[in-house]
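What follows is a single structure, written as structure tokens, with notes after it.
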2 protein chains.
Amino acid sequence: MSKQVTIKQIAQYAGVSEATVSRVLNQPELVSKQTIQKVKDGMDELQYRPSALAQSMRNHTTKTIGVVISNVLNPFFTTLVRGIEDAATKRGYSVIVCNTDENPDKEQRYINMLVDHQADGIILASTGNHANYHSMVNDMPLVFIDRMPQGKDANLYDTVLVDNEKGSFNAVDALIKQGATRVNAIVSPVATTGTERLNGFRKALTAHDFPIREQDIALDDYLGQHTAELALNLIQTNQCDALFCGNNVILMNVLKVLKEWQIGDMKLAVFDDQPWFDFVQYPIISVDQPAYLIGTKAFITLMDRLANPDRPVTHDIVRTKLVIR
Amino acid sequence: MSKQVTIKQIAQYAGVSEATVSRVLNQPELVSKQTIQKVKDGMDELQYRPSALAQSMRNHTTKTIGVVISNVLNPFFTTLVRGIEDAATKRGYSVIVCNTDENPDKEQRYINMLVDHQADGIILASTGNHANYHSMVNDMPLVFIDRMPQGKDANLYDTVLVDNEKGSFNAVDALIKQGATRVNAIVSPVATTGTERLNGFRKALTAHDFPIREQDIALDDYLGQHTAELALNLIQTNQCDALFCGNNVILMNVLKVLKEWQIGDMKLAVFDDQPWFDFVQYPIISVDQPAYLIGTKAFITLMDRLANPDRPVTHDIVRTKLVIR
DNA sequence: CTTGTATATGAAATCGATTTCATAAAGGCG
DNA sequence: CGCCTTTATGAAATCGATTTCATATACAAG
């Protein structure tokens, strides 16, 4: 690196103290017009840019937040992250994105890293296996998204979630109204979302006086390794005519199976909507989550918390929209 | 925030100087066994974590890199970013992702921000409108990905690119071999990729003794606003039976038009492959770019440059793979 | 002409680490 | 026992900003 231009050099150039240069940037009303001009000339001339590092050091704020999710490759999270980044940029914040792959150890390490970097806050889709967030983050503000926080001090934190149960209920309900006679489900057991979506599934069956058979439900580990066999098993042994998929990754894997086995007749529903669902030969019913909105809301919640650390905890639940094709 | 635990408190706890505590972390071989033990006890007891900020300040390295792309929502870039993040994490680096939306001003602002934060380097898919990168980044290492850097000192930088021309050639060639008689193209004029892909398109036509008609080519601004009309225009006025799309976003918009106008017969090829192409009713020919690999390569290139600032510039070109459906 | 009040500026402390330089204690050797 | 080399440690400077406190000047009021 070529040597950085510091406040010292500007001070020298303008023949004033470093304090005065700093004031030109932060409290110009305390500085005389001529001095301001001299200092600004120096800044232009030497192309001065204040070191964000040094400022953070002094001010105890980094204007940086962390976003901890399972995987940016999942388009739901991608959109969410984009929502956060846009909101953050507008307010002068930078975003560090961390992929946990649903691995609690990775999550732990990333959180530590963010604490070390003194992020101003963290937006977190937690794998949910941590007993005590507070001791991990040492009073750093946390906003939980997508998944309900678990553990003893979970209720201390702001959340932005969706109504998984209702969304799933509507999707399964729509499947049945379209004539499905036996609906099976594949959901992820990770975090709280899987359970809640399964609840919606069960309630929809019950509402239509369908029996709930445990063998009609498969739990997938979200990483997509075994989805194919699970799906195939449901389809072949249960002879189901409709499948409810707990997320878009699962649906993708189900589609692979259907294609490979040339199963043309299957009603499909899935939690989370993607644009390309429009182009698939099956008329996919989907629960559209406002991922981008969740991102912006989470960021705003975080900012509010930062501005007012003692205000009461908020729990935001955003609406889903049923998409019928 | 509750007050942070600093090196000072550890020093106090262990009854040694701050220098010694620092040495326990960085050069333990200079410290006696007993002292190490005392200091480590203190660290455990007080849950000490060194401030990354203070370290960066002293060491002039932040262990942070910037990634500047047009949009994470584009799955090509998502995958690329994931490749970078995985490689970075392994080496203890954090990643700040910046979305330019192909807006040179935004790109400029983000680069400034990264310079202010003293990122150790930047991986950049540039919109290409900057004359002088060097003066912008002040000797910070830069690795260009996806797009060729433009401007006078463009040749000073490492690049990791794909062979756009060859990939496009193969795709269009395959379309024609599948029986296409009039192939049209929609590409993005942004950056160098559009031009190169168009060159491949032209060469493939020529190779098959097809005439090159300028009205068969549409330039789309990548933001997808006008793709629909452009596509419709090509299809209706030119009566083409095959379309080459310059990227996955364009293809998505073309599919929308085809669906809306119920055009069932159209051969399609696209630069960049996505998993869901398998499930679309049209047998999409695609050019599979190793996005994840580009990401890891770019990061490694950046690390190499950091380790050895004076080594000669490298230009890496990764292979694409034709996917025929 | 003295006293008091703005106005403008600088010296020095601070944020939390690392590193250089100096020094004290301990051990080796003649 | 005295001299020299290791070994272990601390004091202080440094990284690049901000902020407090003190001070110097200018000007108004008495």
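Chain letters run A, B, ... following the sequence lines, proteins first, then strands; residues in each count from 1. Computed from a predicted model, the values in this text were never measured in an experiment.
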Figure out the [atom1]/[atom2] separation between [X] and [N], and round it to whole Å.
| X | N | atom1 | atom2 | answer |
| --- | --- | --- | --- | --- |
| A:Glu18 | D:dC15 | CD | P | 11 Å |
| A:Gln118 | C:dC15 | CD | P | 13 Å |
| B:Asn59 | C:dA17 | CG | P | 12 Å |
| A:Gln27 | D:dT19 | CD | P | 6 Å |
| B:Lys8 | C:dA17 | NZ | P | 11 Å |
| B:Leu30 | C:dT23 | CG | P | 19 Å |
| B:Met57 | D:dC15 | CE | C1' | 4 Å |
| A:Gln37 | C:dT9 | CD | P | 13 Å |

Would you indicate which nucleotide in [options] comes nearest to any side-chain atom of [X]?
| X | options | result |
| --- | --- | --- |
| B:Arg58 | C:dA8, D:dC15, D:dT19 | D:dC15 |
| B:Gln4 | C:dG16, C:dG10, D:dT18 | C:dG16 |
| B:Val31 | D:dT18, C:dT18, D:dT9 | D:dT9 |
| B:Ala54 | C:dG16, C:dT9, D:dA17 | C:dG16 |

Would you indicate, yes or no, if [N] has its OP1 or OP2 atom less than 4.0 angstrom from a side-chain nitrogen or oxygen of [X]?
| X | N | answer |
| --- | --- | --- |
| A:Gln55 | D:dT18 | yes |
| A:Thr6 | D:dG16 | no |
| A:Thr35 | C:dT9 | yes |
| B:Ser51 | C:dG16 | no |
| A:Thr20 | C:dG10 | yes |
| A:Ser17 | C:dA11 | no |

Is A:Arg23 side chain donor-acceptor paired with the C:dG10 base, going by distance under 3.5 Å alone? yes

Tell me the closest heavy-atom pair linking A:Tyr48 and A:Ile7, and the distance in Å.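 Nearest heavy atoms, A:Tyr48 then A:Ile7: CE1-N, 3.6 Å.
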
Where A:Ala119 and A:Thr62 come nearest, the two heavy atoms and their spacing: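 Nearest pair, atom of A:Ala119 first, then A:Thr62: CA-OG1, 3.7 Å.
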
A:Lys106 and its side chain to side chain donor-acceptor pair (under 3.5 Å) partner, picked from A:Thr127, A:Asp101, A:Thr100: A:Asp101

Tell me which one of B:Thr79, B:Thr78, B:Asp86 satisfies side chain to side chain donor-acceptor pair (under 3.5 Å) with B:Arg82. B:Asp86

When we call it a touch if two heavy atoms are under 4.0 Å apart, what does B:Val21 touch: a base, just sugar-phosphate, or nothing?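 Here B:Val21 touches no strand at all.
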
For the backbone of A:Thr61 and the side chain of A:Asp120, can you confirm whether one donor and one acceptor N or O come within less than 3.5 Å of each other?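 Judged by distance alone, no pair lies under 3.5 Å.
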
